[in-house]
Amino acid sequence: MIQLRITDYIFVLFLIAFTLGVQAQPTSEKQKVDIKSGYLEIKPEIPDAVIYTKDESGQVYVVHEGVEMWCDQAYLYPQDNFVKAYGSVRMTQGDTMTMNSAYAEYNGNTSFAFASGNVILKEPATTLTTDTLYFDRVKQQAYYRSGGKVVDTASTLTSNIGRYFAETKKYQFLSDVKIVNPKYTVNSEQLDFYSESGGAYLYGESTIVSETSTVYCERGYYDTREDTGYFVKNSRIDYNNRILYGDSIYFDRNKSFASATNNIKVLDTLNKSIVRGHYAEVFRDKDSVFITKRAVAVTLRDQDSVYVHADTLRITGKPENRILRGFYRARMFKYGAPGEEATSGKCDSIYTSEKTGITKLIRNPVLWSGENQMTGDTIHILSDKVTDKLDTLKVFKNAFLVQKDSLGYNQVKGERLIGLFTNNELDTISVLKNAEVMYYARNDKQELLGINNTVCSYIEVYLNEQQITGTKFFKKAKSKLYPESDLPPNARILKGFIWRGDERLKTVSDLFKDKPMPVLPKIQGIPLPKDEGEFFEDIPLDEIDLPENSKLKPEDLQNRKDDPKMKTREEESDNEDGDGNGI
């Protein structure tokens with residue numbers, strides 16, 4: 001083996017380079033890979049290579065069109081404009097990217113680099129580690145497919161396949177993608193990550209799991225540094241005993257806040273209730289849900305669903321002390337037992353407490369049990385806290401019980417009304433204090449006997465299948481049966497009577513009767529990424545430009561058929577009709 005120093009044998013180096021250059025006769029004017037420093041070795045057994053080894057001045061220094069490389073030893077093949085680097089290899093491109101590895105090779109003709117052995121690629125905001133990395137300087141892209149890890153300022157990202165776009169500072173991750181952060185873990189089928197902003201775009205089935213919540217979506221965006229996100233396409237957030245669904249969901253981890261738009265559903269798994277609407281806000285720390293735009297809450301009670309609607313619904317409190325408040329144009333509805341009619345109500349505002357089992361209809365309330373209309377200043381409905389069955393009905397001040405007759409209205413009036421339920425059906429009503437009755441008395445053949453007007457201390461009314469079957473008067477003061485002809489129509493109406501039968505809710509859809517459908521915003525979805533093409537060009541094996549002395553084989557520079565492929569918007573446009581979310 002012959003050994004020379006560059007500084008002492010310039011002429012020899014020139015002669016070698018000239019001779020090799022004449023043999024190569026390149027057809028294109030590619031800039032040559034240049035060795036700037038190192039200890040020169042010529043091995044006769046490797047006639048095509050010029051070998052440089054680090055010396056006391058430092059490592060071997062290699063340059064080519066803006067790329068600088070340092071290594072312990074370099075094999076330069078001038079004929080192929082190709083270099084192989086061994087030992088503590090460091091390659092830089094400008095001042096923005098540095099790659100370290102145990103081994104690397106670089107093709108000056110194609111500006112293509114390959115690195116293996118504890119590869120570390122650093123750019124200003126992230127550090128990528130893998131065992132094998134390809135870097136195309138023409139495309140300004142790096143690629144791995146044997147597993148890699150990217151460490152960001154806030155998180156660690158791993159995947160089986162990864163691609164880095166130097167110009168846009170974007171990573172594309174594919175296959176078993178995971179982001180690990182001290183606060184949460186992200187799993188996704190496909191993910192785009194922008195290193196400058198920390199923004200991550202999720203594609204395919206994806207989850208964000210933390211101690212307090214789990215986010216699921218099939219299309220979404222998450223800011224890994226600000227801890228905020230936007231999710232569309234089958235998106236939901238699980239908060240232990242509460243699940244939020246929506247066409248689009250905004251999430252702020254710092255504020256424990258989420259908002260959802262269009263086709264909202266909030267499922268309470270402990271209290272067996274569902275809230276629907278088209279805009280919702282959830283404050284996890286406050287156990288608070290705000291929902292509007294056709295908002296309705298549905299509570300399951302002993303196989304009977306109770307529906308509550310208002311312009312705005314607010315649900316607060318822990319599961320055992322949950323409170324529902326409905327504001328403005330509130331309505332409620334419950335289907336009757338088989339063969340019976342529904343129970344329904346209307347008021348300005350409604351209040352329901354899970355702890356006390358009370359429902360309050362506030363301001364101008366009306367309640368119907370089948371054909372029976374009840375009104376008063378305020379109406380309370382109490383449920384058994386153990387069985388959740390309806391227990392007691394209370395109407396305060398100016399209480400009225402009215403049932404329509406073919407000739408007029410049967411009316412019971414008093415200061416207060418108390419009703420008792422059996423198996424969720426109203427069967428006994430007591431009207432207390434200054435009670436008064438006006439009803440059409442009939443015999444068993446439903447023939448009119450007359451119009452009865454009675455005034456007493458209190459009255460009990462008995463019902464079966466929502467029909468009045470009996471009446472009892474207590475401490476009766478005055479009672480009279482008038483022939484129909486003796487009592488003019490205006491005298492048949494008790495003072496304060498109002499008939500609201502045309503407002504009665506007969507089906508669930510009547511909850512929204514006379515209320516226009518809200519105008520829903522068009523959801524601005526998140527499109528799939530554009531098709532960037534494959535990293536490796538689709539070139540036949542025998543046409544791949546690969547130096548003979550490279551460790552790589554032509555098949556190493558081909559895309560593998562079995563590797564998962566990126567989903568792109570072009571593919572979506574061709575194969576999907578859309579999901580209605582503007583995605």
Side-chain angles (χ1 to χ4, degrees), residues 335-346 364-377 379 393-395 397-422 425-507 510:
Y335 283 109
E340 298 183 5
E341 297 185 59
T343 297
S344 60
K346 295 180 69 175
N364 198 29
V366 57
L367 183 71
W368 294 275
S369 177
E371 298 289 339
N372 302 295
Q373 173 187 292
M374 286 158 280
T375 58
D377 288 1
I379 297 176
L393 166 70
K394 295 182 179 181
V395 182
K397 293 185 179 181
N398 303 311
F400 261 90
L401 169 63
V402 181
Q403 191 177 76
K404 193 171 185 180
D405 184 86
S406 59
L407 297 176
Y409 300 95
N410 295 318
Q411 307 154 61
V412 182
K413 173 187 176 182
E415 284 295 306
R416 189 175 181 184
L417 182 153
I418 298 177
L420 301 178
F421 293 86
T422 300
E425 297 301 325
L426 191 63
D427 59 12
T428 304
I429 295 176
S430 298
V431 180
L432 309 177
K433 195 175 180 180
N434 300 325
E436 187 173 359
V437 173
M438 183 76 69
Y439 73 96
Y440 292 80
R442 297 178 182 274
N443 60 21
D444 293 341
K445 298 180 180 180
Q446 293 301 305
E447 297 171 338
L448 183 65
L449 301 176
I451 302 173
N452 181 279
N453 179 225
T454 300
V455 178
C456 61
S457 294
Y458 74 94
I459 303 169
E460 283 191 358
V461 180
Y462 305 102
L463 300 96
N464 183 32
E465 296 182 350
Q466 298 177 321
Q467 298 297 316
I468 296 176
T469 59
T471 306
K472 280 188 179 181
F473 304 98
F474 296 87
K475 296 182 181 181
K476 181 167 55 176
K478 180 181 178 181
S479 180
K480 187 174 181 178
L481 184 66
Y482 295 91
E484 182 184 8
S485 59
D486 290 354
L487 201 63
N490 61 340
R492 303 175 191 179
I493 300 298
L494 298 180
K495 185 178 179 181
F497 164 81
I498 299 176
W499 177 244
R500 299 176 62 180
D502 57 341
E503 301 178 47
R504 180 182 164 200
L505 286 64
K506 297 182 180 180
T507 65
D510 286 340

On a heavy-atom basis, the closest approach of A441 and L481 is CB-CD1, 4.1 Å
Any side-chain heavy atom of M438 within less than 4.5 Å of one from I493?
no
One should read off an interatomic distance between E460 CD and I429 CD1, to the nearest 0.5 angstrom, of 11.0 Å
Across all chains, not counting sequence neighbours, the side chain to side chain donor-acceptor pair (under 3.5 Å) partners of T507 are S509
In short, Q373 meets I498 closest at the heavy-atom pair NE2-O, 2.8 Å
Sequence neighbours excluded, the answer for salt bridge (charged side-chain N to carboxylate O under 4.0 Å, His left out) partners of E415 is none
| query | Under 6.0 Å from the CG atom of D444, do we count more than 12 heavy atoms belonging to anything else shown? | reply | no
In this structure, CG of L463 is separated from OG of S369 (nearest 0.5 Å) by 7.0 Å
Across all chains, not counting sequence neighbours, the side-chain contact (heavy atoms from CB on, under 4.5 Å) partners of N443 are K445, E447, L449
Y409 meets the ring-ring contact (aromatic ring centres under 6.0 Å, His included) criterion, sequence neighbours left out, with F497, W499
By salt bridge (charged side-chain N to carboxylate O under 4.0 Å, His left out), E341 pairs with (sequence neighbours left out) R504
Determine whether L426 and N372 make a side-chain contact, defined as any pair of heavy atoms from C-beta on separated by less than 4.5 Å. no
Sorted by chain and number, sequence neighbours left out, salt bridge (charged side-chain N to carboxylate O under 4.0 Å, His left out) with K413 holds for none
In terms of heavy-atom contacts, S344 and L505 come closest through OG-O, 3.2 Å
Correct closest heavy-atom pair for R500 and W368 would be O-CZ2, 3.0 Å
Residue pairs meeting ring pair (Phe, Tyr, Trp, His ring centres under 6.0 Å), one or both in residues 461-495, sequence neighbours left out, come to Y458-F474
Quiz item: Regarding N464 and T469, is there a side-chain donor-to-acceptor distance under 3.5 Å anywhere?
Solution: no
S457 meets the side-chain contact (heavy atoms from CB on, under 4.5 Å) criterion, sequence neighbours left out, with K475
D377 meets the side chain to side chain donor-acceptor pair (under 3.5 Å) criterion, sequence neighbours left out, with N398
Rounded to the nearest 0.5 angstrom, the CG-CD distance for L401 and Q411 is 10.0 Å
> Can you check whether N453 reaches R492 side chain to side chain, under 4.5 Å on heavy atoms?
Replying inline: no
When every non-hydrogen atom of R442 is compared with those of Q446, the smallest separation belongs to NH1-O, 2.9 Å
side-chain contact (heavy atoms from CB on, under 4.5 Å) filter on P483, not counting sequence neighbours, yields S485, D486
side-chain contact (heavy atoms from CB on, under 4.5 Å) filter on S479, not counting sequence neighbours, yields N452, T454, K476
So NZ of K472 and OG of S430: to nearest 0.5 Å the spacing works out to 10.5 Å
Paired with L393, the side-chain contact (heavy atoms from CB on, under 4.5 Å) test is passed by just one of T343, T428, I418, I379, namely I379
Note: A491 and L487 closest approach over all heavy atoms is CB-CD1, 3.8 Å
>> Determine whether a donor-acceptor pair (N or O, by modelled atom type, separation under 3.5 Å) exists between the side chain of E484 and the backbone of Y440.
In response: no
| request: Could you check if a side-chain atom of T375 sits within less than 4.5 angstrom of a side-chain atom of V395, using non-hydrogen atoms only? | output: no
By salt bridge (charged side-chain N to carboxylate O under 4.0 Å, His left out), R416 pairs with (sequence neighbours left out) none
